[in-house]
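Inspection log for the structure reproduced underneath, given as structure tokens.
Predicted model only: the values in this text are computed from it and were never measured. Residue numbers begin at 1 in each chain, while the letters A, B, ... track the order of the sequences.
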There are 2 protein chains.
Amino acid sequence: MLLAEDDIHLGELIVHLLKKKGVEHVDWVQEGEDAYDYALASFYDVIILDWMLPNGDGVSVCQRLRKNGYHGAILMLTAKDAVQDRVEGLEAGADDYLVKPFEIDELMARLKALSRRTFAPIQEEIVRWGAFEVNRTSHTLMKNGQQIILTPREFQLLDLLLQNRGRVLTRDIILDRIWGYDADVSMKTIDATVKLLRKKIGDEQQQLIKTVRGVGYTIEK
Amino acid sequence: MLLAEDDIHLGELIVHLLKKKGVEHVDWVQEGEDAYDYALASFYDVIILDWMLPNGDGVSVCQRLRKNGYHGAILMLTAKDAVQDRVEGLEAGADDYLVKPFEIDELMARLKALSRRTFAPIQEEIVRWGAFEVNRTSHTLMKNGQQIILTPREFQLLDLLLQNRGRVLTRDIILDRIWGYDADVSMKTIDATVKLLRKKIGDEQQQLIKTVRGVGYTIEK
DNA sequence: TATCAATATGACAAGTTTGTGAAAAAGGTT
DNA sequence: AACCTTTTTCACAAACTTGTCATATTGATA
């Protein structure tokens with residue numbers, strides 16, 4: 001899930017509550033352009049988009065996202081309650097909106113309703129990578145037509161690396177994204193998971209997942 | 001599209017405007033029970049449901065519809081604007097709500113947003129699947145011409161998995177879709193039902209219904 | 001090349017998830 | 001009420017995952 005909200009306090013609160021409610025993965029950006037870039041770079045089921053953002057307002061971000069093929073749900077946050085504004089938001093491609101100030105229960109209820117609705121028309125997402133084919137909907141990995149069964153952690157790690165191909169992910173970031181910022185595990189756990197993943201995909205030579213000494217891990221472009 | 005609204009004037013107005021806007025087919029009922037019966041009898045993309053209806057109020061109709069497998073969109077009309085009421089509506093399984101009095105433009109915008117989100121592949125009445133033939137109207141299952149009798153729960157589960165072939169369904173989603181958002185049953189119930197279904201279709205080896213550890217269940221494409 | 005920190009490796013224990021069968025609970029029918 | 005079917009729960013077993021640790025290996029640097 002992606003949250004685009006420039007108010008630091010509200011942003012922190014929402015992220016905190018979402019995690020508490022069991023939302024696996026929340027990214028938070030504070031500017032319109034960032035929201036746009038993140039949304040098209042990664043894959044989000046739902047985007048919570050503030051109406052007013054510095055550097056690219058919510059409505060135009062929403063419009064451009066729809067134009068460029070983003071098919072997940074979009075929930076707009078707005079301080080305006082005029083009918084015309086609501087209509088404008090929905091016309092821009094938002095699926096729902098919530099007027100500030102709102103209660104967190106209502107946000108949760110709306111998110112739930114949205115993802116219930118979003119669930120069906122979600123696009124197949126298949127990432128091809130050399131001899132591999134990663135299917136994010138079926139949670140499967142194929143190598144030359146042969147299925148490789150990954151554990152959840154292994155799949156998360158591969159997915160994360162693949163989403164960031166060409167970029168080196170530091171251990172800090174990996175820990176943050178997979179185990180969560182408040183996880184209580186040692187860095188060694190990452191190395192161990194990398195090891196397991198490498199073994200499963202037959203990468204003992206570290207040709208596929210590269211170690212960048214002193215920095216982290218990467219899958220090259 | 002189904003409209004459940006007891007106010008004659010408002011009902012006529014909405015039907016009129018919907019037709020004018022090009023909505024092909026609008027059914028209009030004025031009582032809760034009728035709404036319930038109509039909705040389960042035919043297939044509607046969207047149901048517009050007034051919160052207060054004679055003979056079965058909107059919230060309970062909504063709840064029962066979800067419980068009994070209605071998966072289209074539901075838009076609630078309400079005169080109430082308290083946060084708690086809104087949450088109640090969404091919790092009951094509505095996808096959206098609109099507070100009266102509203103402008104027709106907003107209704108149209110919301111309906112548009114809803115049907116964009118709802119758009120689902122047309123449901124086949126008879127689904128063929130290997131040696132099996134599933135009839136979704138008569139709720140029967142044939143294997144090589146031999147009938148296998150499934151209980152309602154078993155059938156719902158098979159149907160849900162089959163509708164989502166190639167996708168892994170998490171326990172959360174299965175619970176939501178079969179038992180309903182507010183079901184008071186443990187996750188183990190799902191496992192138990194899977195077990196029963198597997199036994200009936202002769203899938204003790206889990207070749208047909210696969211377990212994706214840590215994620216959920218799936219029928220492969 | 002010697003040294004040191006970073007990373008890899010494999011084994012293990014603890015923790016989770018799923019399978020299984022029996023039994024209880026809930027409904028429906030006669 | 002007695003009977004039947006379906007649904008749900010429960011307890012335990014089995015299978016699998018995960019994180020940690022001790023130790024080995026590697027690579028950078030002096």
Side-chain angles (χ1 to χ4, degrees), chain A residues 22 24 139-141 147-161 168-172 174-180 182-218, chain B residues 64 67-69 139-141 147-161 168-175 177-180 182-218:
Chain A
E24 291 173 25
H139 281 248
T140 53
L141 172 67
Q147 181 165 355
I148 298 175
I149 294 177
L150 298 183
T151 68
R153 282 278 187 265
E154 290 159 2
F155 193 87
Q156 279 178 288
L157 178 61
L158 176 61
D159 193 34
L160 181 62
L161 287 168
V168 179
L169 296 181
T170 64
R171 285 187 172 65
D172 278 331
I174 295 174
L175 207 63
D176 209 58
R177 296 275 229 133
I178 296 185
W179 281 266
D182 57 351
D184 186 27
V185 295
S186 84
M187 289 287 183
K188 279 260 138 285
T189 304
I190 297 171
D191 303 45
T193 308
V194 169
K195 171 74 171 69
L196 292 171
L197 178 57
R198 277 178 172 154
K199 187 168 182 189
K200 282 214 180 148
I201 64 177
D203 183 33
E204 339 280 329
Q205 306 314 307
Q206 309 181 11
Q207 293 301 298
L208 302 169
I209 298 174
K210 307 232 166 166
T211 304
V212 181
R213 218 185 157 73
V215 190
Y217 297 96
T218 189
Chain B
R64 284 187 295 143
K67 226 170 226 157
N68 288 287
H139 281 227
T140 52
L141 172 67
Q147 181 164 2
I148 298 176
I149 294 178
L150 298 182
T151 68
R153 282 280 187 260
E154 289 160 2
F155 190 87
Q156 279 179 287
L157 178 62
L158 176 61
D159 190 36
L160 181 62
L161 287 169
V168 178
L169 296 181
T170 64
R171 286 185 172 65
D172 278 331
I173 287 176
I174 295 174
L175 207 62
R177 303 280 286 241
I178 295 186
W179 281 265
D182 63 343
D184 188 27
V185 295
S186 82
M187 289 288 182
K188 272 260 144 273
T189 305
I190 297 172
D191 302 46
T193 309
V194 168
K195 170 90 168 63
L196 294 169
L197 178 57
R198 277 179 173 153
K199 189 169 183 190
K200 282 214 181 149
I201 64 177
D203 183 32
E204 339 279 329
Q205 306 313 308
Q206 308 181 9
Q207 293 302 298
L208 302 170
I209 298 174
K210 305 231 166 167
T211 303
V212 181
R213 201 162 230 281
V215 190
Y217 295 98
T218 189

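For B:R198 and C:dT20, the shortest distance from a side-chain N or O to OP1 or OP2 is not below 4.0 Å. Between B:Q206 and the phosphate of C:dT18, there is no side-chain N or O to OP1/OP2 separation shorter than 4.0 Å. Taking side-chain N and O atoms only, A:K195 has no distance below 4.0 Å to OP1 or OP2 of C:dT7. Taking side-chain N and O atoms only, A:Y217 has no distance below 4.0 Å to OP1 or OP2 of C:dA6.
Put simply, CG on B:D191 is 11 Å from P on C:dT20, counting in whole angstrom units. For the pair A:I209 CD1 and C:dT9 P, the interatomic distance rounds to 12 Å; values are reported in whole Å. Atom CD of A:E204 is separated from atom C1' of C:dG10 by 13 Å (rounded to the nearest Å). One can place NZ of A:K210 at 17 Å from P of D:dT26, the figure rounded to the nearest angstrom. Note: CD1 (B:I178) to C1' (D:dT7) measures 13 Å, nearest angstrom. The CG atom of B:L157 sits 16 Å away from the P atom of D:dT6 (whole-angstrom rounding).
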Report all interatomic pairs (protein N or O, nucleotide N or O of nucleotides 16-20 of chain D) with separations under 3.5 Å.
residue, atom, partner, partner atom, Å
D:dT18, OP1, A:R153, N, 3.3
D:dT18, OP2, A:T151, OG1, 2.4
D:dG19, OP1, A:R153, NH2, 3.3
D:dG19, OP1, A:W179, NE1, 2.8
D:dG19, OP2, A:R153, NE, 3.4
D:dG19, OP2, A:W179, NE1, 3.2
D:dT20, OP2, A:S186, N, 2.9
D:dT20, OP2, A:S186, OG, 3.2
D:dT20, OP2, A:T189, OG1, 2.6

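At least one side-chain heavy atom of A:L160 sits less than 4.5 Å from a side-chain heavy atom of A:I174.
For B:R171, counting side-chain heavy atoms from C-beta on, the closest listed nucleotide (C:dG19, C:dT18, C:dT7) is C:dT18.
Distance check, rounded to the nearest 0.5 Å: CG of B:L141 to CG of B:L158 gives 6.0 Å. From B:K200, atom NZ reaches atom CD1 of B:I148 across 9.0 Å, with rounding to the nearest 0.5 Å. Note: A:D191 CG to A:L196 CG = 11.0 Å, rounded to the nearest 0.5 Å.
The local environment of CD in B:Q205 is sparse, with at most 12 non-hydrogen atoms from other residues, nucleotides or ligands closer than 6.0 Å.
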Is there a side-chain contact (heavy atoms from CB on, under 4.5 Å) between A:V212 and A:Y217? Walk through the geometry before answering.
CA-CA 6 Å; A:V212 181; A:Y217 297 96; over 6 Å; no
